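Step one of this worksheet: look at the structure below.
It should be emphasised that the depicted structure is a prediction, and the values quoted were computed from it without experimental measurement. Start at 1 with the first residue, then count along the sequence.
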Amino acid sequence: MTERTDASAFPLPASTCTPPDLTRRTLLGGLAATGLASLWPWQQALAQGSDRATLSVAYPTDVPTWDPEAVTIPNIQGIYQSVFDSPLRFSADGRLQARQFKEWRWTDNTATRLEVTLRDDIVFHDGSRMTMEDVKFSLLERGRADKKLVIGAMLTTLADVEIKSPTRGVLVYSRPTPTAPIYLAFMAAYIVPKAYLTKVGAEGFNAAPIGAGPYRMAEHQRGSRIVLEAFDKYWGGMAPIRQVILQIVPEPSARVALAESGRVGMALQLPVREMQRLAGKPTLKTKIAPVSEIYMLRLPSYVPALENEHVRAALHLAIDKAALSKAFYAGVAQPLSVLAPKGAPASAPDFNYPFDKARAISELQAAGYSTAKPLSLTLLSTNGAFPSDYDMARAIAQMWKGIGINATIEETTPAKLVEAAQNGKLAGPLLYSWANSTADPEIFAGRILDPRLRFSTWKDMALGPRIDSLIAEPDETKRLEGYKALNIEASEKSWAIPLLQAVTTVAYASTLQPQLFNSGYLIPAEYKYL
């Protein structure tokens with residue numbers, strides 16, 4: 001049977017020689033074959049289960065860049081973690097843990113000076129040793145030199161990195177930043193080699209990236225395959241699975257077929273409706289589990305129709321979130337009223353935003369629209385970036401149609417969405433999966449609603465000072481209460497529309513023992529074969 005995990009079980013915390021490219025036609029055609037003779041040797045080994053040093057994964061999204069400080073696309077963070085590692089990391093059960101930084105502590109009572117100690121046994125894939133010079137370059141200097149890099153927007157209050165020794169330094173913040181450590185375990189906070197990147201430049205680094213993670217990038221055929229090979233000098237020891245082959249397969253049905261046929265050892269982000277059927281296969285195990293991530297509609301305030309509070313309220317009231325969960329996520333994905341999973345800090349458990357079609361119709365009429373005079377909108381959605389995303393977009397469009405909103409669904413990709421959001425060119429509401437491995441409200445509402453961030457969509461500049469005061473609040477109770485109030489107001493005014501707590505769906509070979517993380521990230525260094 002498919003294993004379903006309740007939310008309570010996931011506590012939320014305070015050039016090599018390779019086979020030629022498989023086109024989609026040859027891939028799907030090969031699935032119909034009954035024998036193995038047409039497969040390449042590494043595929044035969046995987047299908048026969050004889051090569052336990054290699055894991056092939058059907059993966060939904062390609063990496064748009066190998067600069068891990070350039071983008072914050074959630075479902076590629078596991079790849080970045082594998083190649084680059086991270087200063088700190090949240091464990092599988094959501095606890096902040098040491099990684100490249102073995103120690104960290106505040107040296108003052110205002111949360112402006114964070115002393116960190118770097119491990120002394122970290123080497124990059126080129127054999128050079130990581131030092132605090134690389135830390136300063138990565139976390140501070142790169143963001144200042146290139147405003148297009150997301151790292152600068154993530155670490156907005158980092159003012160200096162004082163280097164005390166090759167392995168010890170102090171991160172200095174321009175104002176109190178009590179949540180600074182969680183950002184060292186979040187997206188974009190990766191340490192890259194200063195000497196190598198300075199020598200080869202951004203383009204050279206993207207073509208041949210070097211990190212200090214458990215795997216090195218051995219091959220990348222864009223849109224087709226990524227090959228990762230275990231790094232024998234990794235500080236944590238060589239990964240049990242020596243090679244990971246990520247087959248980039250955007251279509252969910254194709255990922256299902258690969259898992260079912262045994263052509264891959266793992267397939268991610270599969271439609272929930274397929275999970276029960278796959279669970280009946282003796283060679284497979286499946287799992288549906290909630291993660292520290294939310295499905296939401298991001299509303300760009302610069303789209304004229306969305307400036308109207310009655311339109312936004314109608315959009316929100318018309319969505320039957322429980323029906324979406326039941327239809328597409330077997331009821332596992334919990335409906336949300338605020339921008340946080342249930343049980344997360346500042347989740348406002350006593351607040352409920354209702355599904356009310358009659359009120360939605362009334363709100364839309366107040367804006368001058370109805371079924372006789374419908375409002376036309378563009379609804380942006382990916383297809384296969386997370387389970388049932390496009391199906392959910394279609395269902396939402398139907399719910400809106402019932403009150404007088406005609407939504408044209410525009411299919412796009414995560415990379416295109418990020419680019420459009422950063423350039424202020426989203427055409428309408430965006431169905432989005434917002435990942436937050438920390439579960440902290442600062443990285444939910446605090447980032448989603450901060451109008452000064454390039455990737456923000458709701459540009460109410462009055463929210464900036466309010467968020468700043470919460471970022472600097474040293475009293476944890478006051479901080480969380482402040483975010484709770486912000487969460488409730490954001491939902492009541494529909495600056496963004498929370499939908500469901502996200503789920504991860506995975507099917508994997510019964511001989512594989514994966515460690516699944518609350519974040520939903522793929523971390524193959526933590527996997528092994530039985």
Side-chain angles (χ1 to χ4, degrees), residues 2-14 55 57-61 63 68 72-100 181-190 213-215 228 234 236-237 239-241 244 246 265-270 275 285-295 329 332-334 340-345 385-387 433-440 443-444 501-509 512-529:
T2 297
E3 180 180 352
R4 298 181 186 175
T5 307
D6 294 330
S8 59
F10 277 74
L12 295 171
L55 172 64
V57 182
Y59 204 75
T61 307
V63 174
T72 53
I73 299 174
N75 56 3
I76 62 172
Q77 296 305 311
I79 302 176
Y80 287 162
Q81 287 275 339
S82 297
V83 175
F84 299 97
D85 208 359
S86 58
L88 302 177
R89 189 173 80 182
F90 279 86
S91 65
D93 60 357
R95 292 176 292 111
L96 188 60
Q97 291 184 325
R99 296 296 294 175
Q100 293 169 332
I182 70 173
Y183 283 92
L184 299 175
F186 193 51
M187 293 183 285
Y190 296 98
Y215 290 93
L228 305 178
Y234 178 59
I241 295 176
V244 179
L246 304 175
M266 173 179 278
L268 304 179
Q269 306 290 33
L270 306 181
M275 297 296 283
K285 291 184 178 180
T286 62
K287 191 162 189 174
I288 304 171
V291 293
S292 181
E293 188 170 337
I294 61 174
Y295 300 149
Y329 304 103
V332 176
Q334 291 291 309
K342 291 186 177 181
F386 60 89
S433 181
W434 185 281
N436 178 2
S437 59
T438 77
D440 193 272
I443 297 180
F444 278 128
Q501 179 175 357
V503 299
T504 185
T505 58
V506 56
Y508 55 93
L512 184 67
Q513 189 175 51
Q515 172 68 72
L516 302 183
F517 282 70
N518 279 0
S519 62
Y521 293 170
L522 170 79
I523 312 288
E526 305 295 334
Y527 300 176
K528 63 182 180 180
Y529 282 103

Are Val57 and Tyr508 close enough, and set up right, to give a side-chain contact (heavy atoms from CB on, under 4.5 Å), and what steps lead you there?
CA-CA 9 Å; Val57 182; Tyr508 55 93; over 6 Å; no
Could you walk me through whether Ile443 and Tyr183 satisfy the side-chain contact (heavy atoms from CB on, under 4.5 Å) test, starting with their C-alpha distance in whole Å, then the side-chain angles of each, then the deciding distance to 0.1 Å, before giving a yes or no?
CA-CA 9 Å; Ile443 297 180; Tyr183 283 92; 3.8 Å; yes
Side chain to side chain, [X] and [Y], heavy atoms closer than 4.5 Å:
X	Y	answer
Phe444	Pro345	no
Gln334	Tyr329	no
Arg89	Phe517	yes

Contact summary for [X] and [Y], nearest pair of heavy atoms:
X	Y	answer
Val503	Gln269	O-OE1, 4.1 Å
Gly78	Ile523	CA-CD1, 4.2 Å
Ser437	Ala185	OG-O, 3.8 Å
Gln501	Pro341	CD-CB, 3.7 Å
Asn436	Phe186	CA-CE1, 3.9 Å
Thr286	Ala507	CG2-CB, 3.9 Å

For Lys287 and Thr505, what are the C-alpha separation, side-chain angles and deciding distance, and is it a side-chain contact (heavy atoms from CB on, under 4.5 Å)?
CA-CA 6 Å; Lys287 191 162 189 174; Thr505 58; over 6 Å; no
Is the side chain of Asp85 donor-acceptor paired with the backbone N or O of Gln100 at a distance under 3.5 Å, no angle test?
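Pair absent, no side-chain N/O of Asp85 close to backbone of Gln100.
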Backbone of Tyr527 reached by a side-chain donor or acceptor of Gln513 within 3.5 Å
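Absent.
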Stepwise, does the side-chain contact (heavy atoms from CB on, under 4.5 Å) test hold for Thr504 with Tyr521?
CA-CA 9 Å; Thr504 185; Tyr521 293 170; over 6 Å; no
Measure the OH-OG1 distance between Tyr80 and Thr72 for me, rounded to the nearest 0.5 Å.
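If I round to the nearest 0.5 Å, the distance is 10.0 Å.
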